Student: 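Below is one structure. I have some questions about it.
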Amino acid sequence: MSLKDPEFQKRQADLGAVVVTDERTGREAHRRFMTQEMQRWKPVLAAAGETLD
């Protein structure tokens, strides 16, 4: 199933999900995105006494 399939995207949207179809689907771009997100949420998790593990 392709992430760019309109029927798949509609089903996911109906469930409240957002299908990512931009450059983040590539390996390196996804790695950069995840690294940025981990840094973004790290202070919030630390304040709650949680970790990224």
Side-chain angles (χ1 to χ4, degrees):
M1 185 175 327
S2 171
L3 293 175
K4 294 186 179 188
D5 176 36
E7 185 177 325
F8 175 75
Q9 290 178 358
K10 181 179 179 333
R11 283 196 317 260
Q12 296 304 305
D14 290 346
L15 295 170
V18 176
V19 178
V20 175
T21 59
D22 60 19
E23 71 280 348
R24 287 177 286 172
T25 60
R27 183 174 297 215
E28 287 305 315
H30 182 70
R31 186 182 329 273
R32 283 191 304 274
F33 173 75
M34 291 304 296
T35 299
Q36 290 169 348
E37 286 296 290
M38 287 188 289
Q39 292 304 311
R40 174 180 168 201
W41 290 104
K42 191 174 185 176
V44 175
L45 293 171
E50 300 294 334
T51 65
L52 291 172
D53 298 331

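None of the values given here were measured: they were computed from a predicted structure.
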Student: I need the D22 CG to L3 CG distance, nearest 0.5 Å.
Tutor: 10.5 Å
Student: To the nearest 0.5 Å, how far apart are CD in Q9 and CZ in R11?
Tutor: 10.5 Å
Student: Quick check: is M38 connected to L45 through a chain of hydrophobic side chains (ILVMFWY, heavy atoms under 4.5 Å apart)?
Tutor: yes
Student: Is K10 salt-bridged to E7, cutoff N-O under 4.0 Å?
Tutor: no
Student: Tell me if a side-chain donor or acceptor on T35 pairs with a main-chain N or O of R31 at a distance below 3.5 Å.
Tutor: yes
Student: To the nearest 0.5 angstrom, please state how far the CD atom of Q36 sits from the CE atom of M34.
Tutor: 11.0 Å
